[in-house]
Student: 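Okay, here's the structure, questions in a sec.
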Amino acid sequence: MSASVRSVPSHATDEEMLEILDRDGAVIIEDLLAADVLEKFNAELDSIFAEEVGIERQFVSETIAGFFSDKVAHVAGIAGKSALFVDHVLCHRRYMSICDRVLLPACADYQLNIAHVMERLPGCEAQFIHRDGWVWKRLPREIGEVQLASVVALVDFTADNGATLVVPGSHRWEEGRYPEAHEAVAAEMKAGSAIVYIGQTFHGGGANVTSDVRRRGMHVSYCAGWLRTEENNALSTPPEVAKRMSTRAQELLGFGIHDDLAVGGGYLGTVELTAPYLVTP
Ligand SMILES: O=C(O)CCC(=O)C(=O)O
Ligand SMILES: [Fe+2]
């Protein structure tokens with residue numbers, strides 16, 4: 001097992017990334033977001049956090065409240081709130097090319113699963129180490145990869161401020177094996193970089209108990225177009241906002257259809273028997 005998470009520069013080829021992703025289940029892509037985008041996005045997020053301060057969260061259960069802890073500040077449904085996210089992250093060339101390679105074997109098209117900013121506040125303990133793919137626990141693993149996930153560092157991620165912990169190689173572990181604490185490695189990286197991992201890789205938010213930094217990271221995950229998504233993107237994106245987006249952005253947010261007729265399957269997601277695009281594609 002690797003003792004660290006491997007990083008590649010932003011100009012690495014898809015093949016270089018995919019080789020590491022396949023072997024370790026995770027890879028850090030440096031400088032995924034350009035410095036000017038990062039700065040503008042963080043400024044926009046500062047305003048959104050300020051607007052949403054005091055929101056009483058009604059998590060779906062006590063278990064989920066505990067999973068996130070009360071020491072994490074959230075902005076959920078980023079696609080509906082940030083044009084910068086839609087323009088610079090949602091359809092990012094690198095996400096699209098990795099998703100094409102990792103997810104298209106199992107679907108006709110993929111979609112956004114969730115886009116959610118999390119600040120791990122000072123005093124926050126480490127998150128329960130988990131597989132994001134467990135949200136579809138009933139799906140046989142033999143089906144292949146149905147999820148490509150990531151955490152984008154919006155501030156520098158360090159081992160002591162809550163950098164995502166990843167267990168390299170764990171995507172291949174048999175059902176029932178759970179990581180020991182020493183098997184998890186902190187994905188230390190500069191702001192603008194992202195740790196990209198597949199749905200079966202064990203990981204979790206790290207502890208932020210000795211720093212005074214609000215560890216701001218964004219969970220961005222894609223999944224097969226025929227799955228139910230974690231965030232209900234077509235509802236959390238107001239129609240008047242979605243209308244102004246490109247056709248591709250709308251498809252990724254659930255305003256397209258999943259059309260598997262080419263492999264003898266059917267289609268999913270229609271309104272009045274057609275794709276519910278909010279602009280004429
Ligand atoms: O914030 C992080 O570093 C990871 C969060 C995570 O894994 C999750 O919410 O599923
Ligand atoms: Fe996770």
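Positions are given from 1 along the sequence. Counting starts at 1 for both ligands and their atoms, in listed order. These numbers come from the heavy atoms of this one structure, side chains and all, not from hydrogens, waters or symmetry mates.
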Student: To check your reading of the site, what angle at the Fe ion (ligand 2) do NE2 of H130 and OD1 of D132 form, to 10°?
Tutor: 90°

Student: Does one side chain, of E44 or S47, offer a donor that lies under 3.5 Å from an acceptor on the other?
Tutor: no

Student: Out of the candidates V209, N208, T210, only one should pair with D160 under the side chain to side chain contact (heavy atoms under 4.5 Å, CB included) rule; please name it.
Tutor: T210

Student: Does this structure show an ion pair linking R216 with D46, if we count only N-O contacts that are shorter than 4.0 Å?
Tutor: yes

Student: Do the ring planes of W173 and F202 sit parallel (below 30°), tilted (30 to 60°) or perpendicular (above 60°)?
Tutor: tilted

Student: Out of R120, R215, Q127, who is nearest to atom 1 (O) of ligand 1 when you count heavy atoms only?
Tutor: R215

Student: Which protein non-hydrogen atom lies closest to atom 4 (C) of ligand 1, naming both residue and atom, and how far is it?
Tutor: G205 N, 3.7 Å

Student: Under 4.0 Å from any heavy atom of M118, which atoms of ligand 1 are there?
Tutor: 5 (C), 9 (O)

Student: Could you measure the distance from the CG atom of L278 to the CZ atom of F255? Nearest 0.5 Å is fine.
Tutor: 5.0 Å

Student: Could you tell me whether R101 and E15 make a salt bridge, using a distance below 4.0 angstrom between a side-chain N and a carboxylate O?
Tutor: yes

Student: Of all the atoms in ligand 1, which lie at a distance below 4.0 Å from a heavy atom belonging to T164?
Tutor: 2 (C), 3 (O)

Student: Which protein heavy atom lies closest to atom 10 (O) of ligand 1, and at what distance to 0.1 Å?
Tutor: H130 NE2, 3.1 Å

Student: Examine ligand 1 and decide if any of its atoms is less than 4.0 Å from a heavy atom belonging to F157.
Tutor: no

Student: Got an N/O contact under 3.5 Å between D132 and ligand 1?
Tutor: yes

Student: Quick one about E251 and Y277 (side-chain donor to acceptor, distance below 3.5 Å, no hydrogens or angles considered), yes or no?
Tutor: yes

Student: Atoms of ligand 1 less than 4.0 Å from F68 heavy atoms?
Tutor: 9 (O)

